[in-house]
There are 4 protein chains.
Amino acid sequence: MSRHTPHLADDSSRRMELVRAAARLFRDQGYERTTVRDLGNAVGLQSGSLFYHFRTKEEMLVAVMALGISSTTEQLEAALKAAKGARARLSALFHVHLNSLLGENQAALEVMLYEWHSLSDATRPGLIILRDRYEALWQQVLDEAAAEGLVKPDTHLLRRSLLGSLHWTVQWYKRDGELSVSELADRLLALALTA
Amino acid sequence: MSRHTPHLADDSSRRMELVRAAARLFRDQGYERTTVRDLGNAVGLQSGSLFYHFRTKEEMLVAVMALGISSTTEQLEAALKAAKGARARLSALFHVHLNSLLGENQAALEVMLYEWHSLSDATRPGLIILRDRYEALWQQVLDEAAAEGLVKPDTHLLRRSLLGSLHWTVQWYKRDGELSVSELADRLLALALTA
Amino acid sequence: MSRHTPHLADDSSRRMELVRAAARLFRDQGYERTTVRDLGNAVGLQSGSLFYHFRTKEEMLVAVMALGISSTTEQLEAALKAAKGARARLSALFHVHLNSLLGENQAALEVMLYEWHSLSDATRPGLIILRDRYEALWQQVLDEAAAEGLVKPDTHLLRRSLLGSLHWTVQWYKRDGELSVSELADRLLALALTA
Amino acid sequence: MSRHTPHLADDSSRRMELVRAAARLFRDQGYERTTVRDLGNAVGLQSGSLFYHFRTKEEMLVAVMALGISSTTEQLEAALKAAKGARARLSALFHVHLNSLLGENQAALEVMLYEWHSLSDATRPGLIILRDRYEALWQQVLDEAAAEGLVKPDTHLLRRSLLGSLHWTVQWYKRDGELSVSELADRLLALALTA
DNA sequence: CATGAATGAGCGTTCATTCAT
DNA sequence: GATGAATGAACGCTCATTCAT
């Protein structure tokens with residue numbers, strides 16, 4: 001594996017530090033408006049030095065997105081394994097998604113949602129695979145839940161509808177309000193239930 | 001005021017032509033990646049000539065967004081006026097929104113959804129007003145519908161959830177598929193109904 | 001005489017209005033930093049319309065300078081004709097120069113002093129002739145004054161020295177101070193006198 | 001601090017090279033008419049590379065002016081320290097000023113005199129301080145000279161008059177004429193002496 | 001590993017000037 | 001005489017990327 005690979009395996013601490021800083025900056029300022037000098041400053045490096053760790057700026061964007069979606073997928077897999085029954089698994093969908101999107105992985109996931117069109121055609125497919133893996137977990141659980149009558153049977157459209165709802169929270173949810181992330185997850189789940 | 005520019009008072013046809021071209025380009029390439037030379041080419045003008053019609057590139061972005069949200073709001077107002085009963089009005093919400101977002105105003109509305117952070121702090125408030133006017137219509141109709149038991153009573157969150165669902169269609173809906181926009185509106189509405 | 005000639009003869013009132021506005025703007029903002037739109041605004045014309053009155057922006061600069069130096073020369077000629085004796089004529093030099101430079105013709109003369117290098121090589125000679133005519137008057141009077149022992153005999157250098165002194169007043173003289181232009185002229189004259 | 005940059009602390013040789021080239025270009029063509037591409041050409045750099053050394057074009061203008069006035073002030077301080085007696089110090093004023101203005105620092109000082117209005121309001125004060133320091137030296141020496149009766153006692157106005165005379169030499173003095181700078185200094189001094 | 005300096009293409013914007021109406 | 005729209009070249013500046021040290 002070359003030392004320029006964007007995969008997660010050999011991520012030195014410097015690389016991870018950079019990815020995390022990039023996630024925050026890309027989210028706050030947008031990918032285009034974030035300069036490599038900004039990125040360098042954020043980790044105490046000259047802009048030229050970044051190119052030892054990443055071949056291009058876009059590679060940093062890809063790394064940010066991959067981190068966001070992968071770690072959320074891993075969390076969801078773990079939560080689903082632990083959950084007993086369709087109802088609990090359905091609940092896990094909402095809780096893991098919102099905890100990730102509105103919490104730890106917020107920056108990376110927002111970048112994933114809003115900088116999709118900053119990707120070149122060459123890099124998009126790799127991320128689509130990661131995204132599809134995540135959505136496949138959702139589909140499975142929704143199908144189970146529909147089989148038990150917990151949600152309406154139009155699960156394909158339901159998956160898209162729910163993911164749209166949850167993604168959108170990022171635009172209006174305020175951490176410092178009276179509504180906790182967990183309560184929000186419960187209330188959004190309630191809206192989706194048949195009864 | 002020319003008789004061909006019904007929406008915005010002094011918009012000459014050249015201005016409108018530019019706004020429409022800008023909507024398409026900003027949507028397809030992103031605001032930052034669209035150059036004023038691209039915009040000029042799209043309407044057969046030198047890049048410098050654009051600045052006779054708009055003071056800055058950002059002014060074009062604002063005009064695009066304002067056009068998208070204003071014309072959708074007008075269509076919704078007209079549809080609600082024509083609709084009899086809570087059920088019909090609820091349906092109008094879904095149909096107008098999707099017809100606009102996936103049809104005529106697609107480009108402008110997508111720009112509104114995805115280039116929000118390209119606005120400067122100075123221009124954002126004006127657009128927030130337009131957006132809030134549109135969402136207030138939604139809130140009214142949802143409250144009516146909840147009063148009649150058509151939807152669940154948590155209408156504040158419901159409004160946000162539904163708008164998130166509908167906005168997200170832009171990411172996956174394909175015009176050339178077997179699903180028409182009208183059918184999509186009906187099926188998404190069905191998911192939101194209590195029964 | 002073509003209607004685009006920069007000479008004074010056929011100056012319509014619009015032309016003169018423009019020249020005076022240009023003098024003020026060129027002085028306040030500099031020639032390069034003054035746009036033809038600024039000039040148009042100042043006289044209530046669109047920028048394109050200026051080019052009916054002047055072929056180029058530089059022609060306006062030339063007209064401003066020519067106005068400044070010509071009218072000062074005329075005033076000096078009149079004052080010298082009226083003055084009796086070398087001492088009175090010497091005094092007229094200082095008074096006319098400062099009244100013009102710090103008063104009515106201030107803007108035009110400052111432009112003459114400070115925008116010399118904004119002229120093209122083609123237009124400079126015409127203005128040099130006007131300037132030399134003015135300086136020749138100074139030389140005559142200084143020679144007379146030296147012959148009577150009023151000033152030192154090195155009149156060539158003296159002329160340059162004195163004109164430098166007087167030109168420089170524009171950089172520091174404040175109209176609203178306690179020193180009147182007339183007093184300033186007297187005191188500068190006193191510094192030049194042998195006794 | 002390199003041992004080759006005695007005047008301004010962190011001026012690398014590239015910076016100084018640029019300042020000197022800028023002085024010449026700003027003087028010959030004017031600040032506004034000199035493009036950053038001209039400046040780059042003059043030192044063998046791409047225009048964009050200039051902005052590694054200076055944040056803006058105006059910063060180069062300020063550096064040019066500061067260099068001109070600072071180095072002249074230093075020379076004058078040195079000459080005054082070496083001079084014995086009021087007469088010698090008075091002479092130093094003229095000789096140092098003209099040697100600087102018509103010699104080594106010509107370009108930078110001319111820029112200082114003629115591009116004052118190209119400075120923004122924010123940068124002007126810093127240079128006014130430097131200019132005032134220089135003029136304060138003049139005032140001291142003139143006061144001494146007046147006390148000994150060498151020059152007329154109206155020293156405040158005299159300072160301004162003399163500086164105007166000397167500044168103006170730049171407009172007419174030709175290096176290749178029969179008059180040397182040193183002779184010119186002596187003859188201008190002679191004009192200022194009471195006897 | 002990291003820096004400092006440079007590249008070079010491109011960016012949004014300006015502006016004197018032109019010209020059909 | 002004047003306008004409104006357009007031109008087109010140029011401008012100051014930005015920035016991802018390169019590379020010798």
Side-chain angles (χ1 to χ4, degrees), chain A residues 3 12-15 18 31-40 43-61, chain B residues 10 12-15 18 31-40 43-61, chain C residues 3-4 12-15 18 31-40 43-61, chain D residues 12-15 18 31-40 43-61:
Chain A
R3 62 198 201 294
S12 67
S13 67
R14 249 300 153 67
R15 248 185 91 94
L18 247 165
Y31 171 73
E32 297 284 354
R33 271 176 300 280
T34 300
T35 71
V36 293
R37 278 161 185 84
D38 291 338
L39 292 163
V43 296
L45 239 39
Q46 291 295 112
S47 66
S49 308
L50 300 177
F51 292 87
Y52 177 84
H53 301 281
F54 293 90
R55 248 190 322 257
T56 64
K57 186 185 166 193
E58 198 197 357
E59 208 172 71
M60 300 187 217
L61 176 60
Chain B
D10 64 341
S12 66
S13 65
R14 247 303 151 64
R15 242 184 98 95
L18 249 163
Y31 172 73
E32 299 283 356
R33 269 176 302 282
T34 300
T35 72
V36 294
R37 282 157 185 88
D38 292 337
L39 291 163
V43 295
L45 239 37
Q46 293 290 114
S47 68
S49 307
L50 300 177
F51 293 88
Y52 182 81
H53 301 280
F54 294 88
R55 255 197 310 273
T56 62
K57 185 185 167 195
E58 198 197 357
E59 202 171 291
M60 300 186 216
L61 176 60
Chain C
R3 61 196 200 297
H4 282 120
S12 67
S13 65
R14 252 298 155 68
R15 250 185 90 93
L18 247 165
Y31 171 74
E32 298 284 355
R33 272 175 299 281
T34 300
T35 71
V36 295
R37 277 163 186 82
D38 291 337
L39 292 163
V43 295
L45 240 38
Q46 294 292 114
S47 66
S49 309
L50 300 177
F51 292 87
Y52 177 83
H53 302 282
F54 293 90
R55 247 187 326 252
T56 64
K57 187 185 167 193
E58 199 198 357
E59 208 172 71
M60 298 187 218
L61 176 60
Chain D
S12 66
S13 65
R14 246 307 153 60
R15 242 185 98 97
L18 249 165
Y31 172 74
E32 299 282 357
R33 269 176 302 281
T34 301
T35 71
V36 293
R37 282 159 184 88
D38 291 337
L39 291 163
V43 295
L45 239 39
Q46 294 289 113
S47 67
S49 307
L50 299 177
F51 294 88
Y52 182 81
H53 302 280
F54 293 90
R55 254 197 312 273
T56 63
K57 186 185 165 195
E58 198 198 357
E59 202 171 292
M60 300 186 215
L61 176 60

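Letters A, B, ... mirror the listed sequences (proteins, then strands); counts begin at 1.
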Contact nearer the 5' end of DNA chain F, comparing B:L45 with D:Y31: B:L45
Touch class at under 4.0 angstrom, heavy-atom based, for A:T56 against every strand present: sugar-phosphate
Separation of atom CE in B:M60 from atom P in E:dC11, rounded to whole Å: 14 Å
Given DNA chain F, 5'-ward residue of the pair D:K57 and B:Y52, judged by closest heavy atom: B:Y52
Phosphate OP1/OP2 of E:dA2 contacted by A:H53 side-chain N/O (<4.0 Å): yes
Distance in angstrom units between C:F54 CZ and E:dA16 C1', rounded: 15 Å
Gap between atom CG of A:L18 and atom OG of A:S49 - 0.5 Å precision: 10.0 Å
Check: F:dG12 base within 3.5 Å donor-acceptor of D:R37 side chain: yes
Which residue lies more 5' along DNA chain E, comparing B:R55 with D:G48 via nearest heavy atoms: D:G48
Residue pair C:R14 / C:V43: nearest heavy atoms and the distance that separates them: NH2-O, 3.8 Å
Touch class at under 4.0 angstrom, heavy-atom based, for C:T35 against every strand present: sugar-phosphate
Residue B:Q46, side-chain heavy atoms: nucleotide from E:dT13, F:dT17, F:dT7 that is nearest: F:dT7
5′-ward residue of the pair B:E58/A:S47 relative to DNA chain E: A:S47
Minimum-distance nucleotide to D:R14 side chain [options: F:dC13, F:dA2, E:dA5]: E:dA5
Closest approach of C:E59 to C:F54 (non-hydrogen atoms, all atoms of both residues): OE1-CA, 3.3 Å
Spacing of A:K57 atom NZ and A:L50 atom CG [to the nearest 0.5 Å]: 11.0 Å
Sidechain-backbone polar pair: B:R15 side chain, B:H53 backbone, donor-acceptor under 3.5 Å: yes
G-U wobble or Watson-Crick pairing nucleotide for E:dA9 (cut-off 3.5 Å, both distances): F:dT14
Assigned partner base of F:dT21, Watson-Crick or wobble definition, under 3.5 Å: E:dA2
Closest listed nucleotide, where the reference is the side chain of A:F51 and the choices are E:dG10, F:dT17, F:dA2: F:dT17
Length of the CG-P vector between A:L18 and F:dA16, whole Å: 14 Å
Interatomic distance where CG belongs to A:L61 and P belongs to F:dA16 [whole Å]: 13 Å
Nucleotide nearest B:S49 (side chain, heavy atoms from C-beta), chosen from F:dG1, F:dA6, F:dT17: F:dA6
Separation of E:dT13 P from B:L39 CG (nearest whole Å): 11 Å
